[in-house]
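Computation of the quantities below employed the complete heavy-atom set of this structure, encompassing side-chain atoms and omitting hydrogens, waters and symmetry-equivalent molecules. Just so you know, ligand 1 is whichever comes first in the structure, and atom 1 is the first atom listed for that ligand.
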Amino acid sequence: MFVLEKTYDFDELVRQNVHTHTVFSKCAKPEMIFEDMVKTAERVGLATLAITDHSDLDDGIDTPANFLILKERLARIDTSVRVLIGAELSAYGVGKYAEPYEVDRALDFASYSHIHYHLMSWEHPEDRSPRGYAAHELEILNALFDTDRADNIAHPFSPCKMPFFNEEEKAATLAAITENELGDILEKGERARCSWEIHTPTFLRFPEFSRRFWNVGREVGVHFTLGTDAHTLAAIDPRPYAPRLREIVG
Ligand SMILES: [Zn+2]
Ligand SMILES: [Zn+2]
């Protein structure tokens with residue numbers, strides 16, 4: 001389900017952050033206390049803040065319990081920010097999901113990762129070449145869009161979580177996705193009412209692919225969201241990225 005409105009205006013996009021981690025995620029800094037995150041979001045003028053703690057088979061996080069805890073804490077906060085309590089869910093293989101359907105659908109924002117290949121639980125393709133991984137990612141997304149689980153795709157196609165590849169091979173996983181494949185999967189996602197995250201760390205690191213992703217996405221008419229993958233309070237504010245993001249898309 002589309003949670004946010006369609007826009008291709010970076011001034012609008014940097015007023016949202018749909019990828020942030022609280023201390024419930026082991027990787028987040030101790031300062032990532034929910035109430036302080038909301039306060040920070042309000043201070044920097046965000047319209048929307050989504051909480052997306054990890055939810056996978058490796059981390060032992062209780063996603064339904066944390067959802068209820070954060071909902072209760074949110075009810076006690078007075079804020080102008082639209083706060084979505086979601087999760088960074090795991091499509092850890094083709095048709096494989098870490099959470100039951102009911103848990104997914106109870107969240108305010110179901111953002112899916114399809115590329116956490118650094119985790120023990122993640123399925124790998126038989127063909128371990130960059131093209132093999134690209135094809136596997138597309139297969140996972142295809143299966144995911146046959147369901148109505150996903151509201152958003154977190155860091156789409158990002159090769160950052162492939163520690164077994166060097167920088168060149170990581171870029172090759174992106175180059176291996178053809179224009180047609182990209183158009184088809186973006187279109188299928190849009191039909192499944194799922195938005196695509198502009199993940200600032202990936203967008204800045206792989207500008208060539210980011211430009212393709214943006215251009216094809218606009219052509220197809222997809223819903224884009226913006227997320228910084230914030231693990232610190234400072235990273236909650238996406239506005240400093242706006243000039244560079246604009247430069248990348250041209
Ligand atoms: Zn992730
Ligand atoms: Zn994340």
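Contact check for Tyr133 versus Phe157: no side-chain heavy atoms found under the 4.5 Å cut-off. At a threshold of 4.5 Å between non-hydrogen side-chain atoms, the residues Thr22 and Met37 count as touching. In this structure the side chain of Asp56 never reaches within 4.5 angstrom of the side chain of Glu99, judged on heavy atoms.
Using modelled atom types, one finds a donor on one side chain and an acceptor on the other under 3.5 Å when comparing His136 with Glu123. Judged purely by distance below 3.5 Å, without hydrogens or angles, the side chains of Thr79 and Glu42 pair a donor atom with an acceptor atom. Counted by atom type alone, His21 and Asp229 present one or more donor-acceptor pairs between their side chains at under 3.5 Å.
Within the sub-2.8 Å shell of the Zn ion (ligand 2), the protein contributes these N/O/S atoms: His19 NE2, His21 NE2, Glu88 OE1, Asp229 OD1.
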